[in-house]
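Notes to accompany the following structure.
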Amino acid sequence: MKIYPIIHQDFKLDGGAMFGVVPKVIWQRTNPADNDNLIDMTTRSILIEEGNQLVLVDTGMGNKQSDKFFGYYKPANLNSFDETLKKYGFHRNDITDVFMTHLHFDHCGGSIIRNDQGFYEPAFKNAKFWSNAKHWDWAVNPNPREKASFLKENILPIEESGQLNFIDTPKKGREIFSKDLKFDIIFVDGHTEKQMLPKLQYQGKTLVFMADLLPTTGHIPLPYVMGYDTRPLITMDERQEIFNKATDENWFLVLEHDPYHEICTLKQTEKGPRLDKVYTFEEIFN
């Protein structure tokens, strides 16, 4: 098995929304804001090669939205994905599976493109798309709080294509890949209903893709919960449990939105979990 890191695009989000009740004077130490109070973000994926399968975890926000929409998020490098795939020796038609941690636009927008005729279609024509039934229902019948994040043009064409598949148990990931690949799923509900975090064994290390449970290293202290989370107290409980396991079992945490750090480990302190070390994929996986 091989794992490759991929950046779909960089973008910006409001720092206050990203840190909830934490004062700016504190969070700007790790995530400095510009004059519009926006902080730097990225959309990092991992690409997993195992035998004849090529699995992409999350797809960024894509490039099909309007200029007005993108004006809120100031994305950069919108077309870098195909160039990165080519660097690794792949084409998007080689991808066999797209694993979506959840269906917010910055995690699944790149799953769907607008073709030359103006119609929406899957960006990966040979892939199975993986969500789970409870989260899918949550996304297609959105609550007012998340409605702006669940965009129907990102979601409904996946089902209409016939390429949609559901994962409903933590062990189901083992059925997606070959039997030799250990691939478990951690379900979490604080950010949104049934967000899925892939947990893999790779080169003797436990690798967990943190999605929006831990967007950046600046969010490691337990109360540093995003304002976007639908159930912040549940998020805190989930973070406590997972961070404890991460320190006890030396997990390597892949950060989807951190523009500066790809992977981190945690340590326990008198103040709770804190950043231990940061790594690039190259440093620890050659």
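Just the heavy atoms: all of them, side chains too, but no hydrogens, waters or symmetry mates, feed the values below. The first residue of the sequence shown is numbered 1, and numbering continues consecutively from there.
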Output yes when a side-chain donor or acceptor of [X] lies under 3.5 Å from a complementary backbone atom of [Y], and no otherwise.
{"X": "Asn52", "Y": "Glu50", "answer": "no"}
{"X": "Thr42", "Y": "Asp258", "answer": "no"}
{"X": "Gln28", "Y": "Ala33", "answer": "no"}
{"X": "His135", "Y": "Glu193", "answer": "yes"}
{"X": "Asn244", "Y": "Gln240", "answer": "yes"}
{"X": "Thr43", "Y": "Gln9", "answer": "yes"}

Do [X] and [Y] have a side chain donor and acceptor closer than 3.5 Å?
{"X": "Gln268", "Y": "Thr247", "answer": "yes"}
{"X": "Asp58", "Y": "Ser45", "answer": "no"}
{"X": "Asn154", "Y": "Lys64", "answer": "yes"}
{"X": "Glu146", "Y": "Asn143", "answer": "yes"}
{"X": "His104", "Y": "His191", "answer": "yes"}
{"X": "His8", "Y": "Asn77", "answer": "no"}
{"X": "Tyr260", "Y": "Asp40", "answer": "yes"}
{"X": "Thr192", "Y": "Thr230", "answer": "no"}
{"X": "Asp212", "Y": "His107", "answer": "yes"}
{"X": "Asp137", "Y": "Asn141", "answer": "yes"}

Near-ring test [Y]/[X], centroid separation under 6.0 angstrom:
{"X": "Tyr279", "Y": "Phe285", "answer": "no"}
{"X": "His102", "Y": "Phe150", "answer": "no"}
{"X": "Phe105", "Y": "Tyr73", "answer": "yes"}

Could you tell me whether the side chain of [Y] reaches within less than 4.5 Å of the side chain of [X], counting heavy atoms only?
{"X": "Asn93", "Y": "Phe124", "value": "no"}
{"X": "Phe99", "Y": "Met196", "value": "yes"}
{"X": "Lys245", "Y": "Trp251", "value": "yes"}
{"X": "Tyr228", "Y": "Arg145", "value": "no"}
{"X": "Glu49", "Y": "Tyr88", "value": "no"}
{"X": "Asp189", "Y": "Lys194", "value": "yes"}

Task: Check against side chain to side chain contact (heavy atoms under 4.5 Å, CB included), His257 and Phe11 - done: CA-CA 9 Å; His257 286 314; Phe11 69 114; 4.0 Å; yes
Task: Note: Lys87-Glu83 ion pair, threshold 4.0 Å (strictly below) - done: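 No, Lys87 and Glu83 are not salt-bridged.
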Task: CA sep, side-chain torsions, deciding dist, call: Thr216, Leu255, side chain to side chain contact (heavy atoms under 4.5 Å, CB included) - done: CA-CA 6 Å; Thr216 76; Leu255 304 169; 6.0 Å; no
